[in-house]
Amino acid sequence: MARRSSLGAFSLPSSRGCLSPSALVDRLNGHARASAFLASAVLTSLMGTMWLTYLCVKRAEVIPYVADGGVFGCEVRTLSRSLPLPDAAQAGKTEP
């Protein structure tokens, strides 16, 4: 607890005295340990997040099915976006 000097009805903390070099080194070492702990906690949570994201993406890769009234349904086939439009689809376009 800091010493206090009273100024009338008010009380203000007094300035800190000189600290020895060993006390300053101990304080800096404490701050370094806390900083290292927080950095390792951030890196650990980052690695955990990356691992869980990978597992979620792998788990989400499913084959979509449509209920068509049968027992198992039918698989939805995906179309490649790089395929050109057929001539019939291009013929339906009108140019201004």
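Numbering starts at 1 and runs along the sequence shown.
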Worksheet entry | side chain to side chain donor-acceptor pair (under 3.5 Å) involving S22 - partner list, sequence neighbours excluded | S20
Worksheet item: Given R59 and L55, is the side chain to side chain contact (heavy atoms under 4.5 Å, CB included) satisfied, shown in steps?
Response: CA-CA 6 Å; R59 178 80 177 182; L55 288 178; over 6 Å; no
Item to complete: List, by chain and then residue number, the residues other than V57 in its hydrophobic cluster (Ile/Leu/Val/Met/Phe/Trp/Tyr, side-chain heavy atoms under 4.5 Å); write none if there are no others.
Response: none
Item to complete: Rounded to the nearest 0.5 Å, what's the gap from CG on L28 to CZ on R33? Could you check?
Response: 11.0 Å
Worksheet entry | Remaining members of the apolar cluster that contains F37, side-chain heavy atoms under 4.5 Å | L38
Practice prompt. Go through the steps to decide whether W51 and M47 satisfy the test side chain to side chain contact (heavy atoms under 4.5 Å, CB included), and finish with yes or no.
Written response: CA-CA 6 Å; W51 184 69; M47 294 300 288; over 6 Å; no
Fill in: S40 (side chain) donor-acceptor with A36 (main chain) under 3.5 angstrom
yes
